[in-house]
Amino acid sequence: MSFHYRGIEYFLGLYSTKYTISIPALKNYFKEIEVKKVDVAHSHAQFLIEEELLNNPKKHR
């Protein structure tokens, strides 16, 4: 499913007991994480986006 945070699209999926996070704008970032709640997966994705925006602010304007 597609979501947006601070203008950057990210995708969350559920695979067995793991969530997948995909952020195409961040060099095709893809990772599986093992968490119990979808809110934690959202927080993880949003943290990654915040880090990218802080480290490369001009790239994502």
Side-chain angles (χ1 to χ4, degrees):
M1 188 170 276
S2 172
F3 301 93
H4 288 84
Y5 180 72
R6 299 202 54 195
I8 295 179
E9 185 176 38
Y10 68 96
F11 299 86
L12 288 184
L14 180 60
Y15 175 73
S16 186
T17 60
K18 298 178 182 179
Y19 283 93
T20 58
I21 298 172
S22 176
I23 309 171
L26 302 184
K27 300 178 187 172
N28 291 322
Y29 179 88
F30 181 84
K31 186 173 184 177
E32 290 181 351
I33 59 173
E34 208 163 330
V35 296
K36 296 186 188 274
K37 294 185 178 183
V38 69
D39 294 344
V40 177
H42 278 288
S43 294
H44 187 78
Q46 292 170 1
F47 173 77
L48 292 168
I49 291 169
E50 284 292 335
E51 286 293 307
E52 177 69 13
L53 292 173
L54 287 173
N55 293 331
N56 298 304
K58 292 181 183 178
K59 183 178 174 184
H60 298 286
R61 283 188 182 177

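Throughout, residue positions are numbered sequentially from 1 according to the sequence presented.
Going from atom CD of E52 over to atom CD1 of I8 covers 7.0 Å, rounded to the nearest 0.5 Å. The line from OH of Y5 to CG of L48 is 11.0 Å long, rounded to the nearest 0.5 Å. Here H4 contributes atom NE2 and I49 contributes atom CD1; the two are 9.5 Å apart, rounded to the nearest 0.5 Å. For the atom pair CD (E51) and CG (L26), the distance works out to 11.0 Å, reported to the nearest 0.5 Å. Atoms CD and CG, on E50 and N55 in that order, are 11.0 Å from each other to the nearest 0.5 Å. Annotation: the span from D39 atom CG to H44 atom NE2 amounts to 14.5 Å, rounded to 0.5 Å.
Considering every non-hydrogen atom in both T17 and E34, the closest pair reads O-CG, 3.8 Å. Here the closest heavy-atom approach between residue A45 and residue I21 is recorded as CB-CG2, 3.8 Å. Here the shortest heavy-atom pairing between S2 and E9 reads OG-OE2, 2.6 Å.
Partners of F3 under the side-chain contact (heavy atoms from CB on, under 4.5 Å) rule, at least two apart in sequence or in another chain, are M1, Y10, L12, H42.
Each of V35 and F30 belongs to its own hydrophobic cluster when Ile, Leu, Val, Met, Phe, Trp and Tyr are linked at side-chain heavy-atom distances under 4.5 angstrom. The cluster map of Ile, Leu, Val, Met, Phe, Trp and Tyr, joined by side-chain heavy atoms under 4.5 Å apart, puts V38 and L14 in the same cluster.
Within 6.0 Å of atom CZ in F47, 12 or fewer heavy atoms from other residues, nucleotides or ligands are found, so the atom counts as exposed in its surroundings.
Annotation: side chain of K27 is not in contact with side chain of Y29 (no heavy-atom distance under 4.5 Å).
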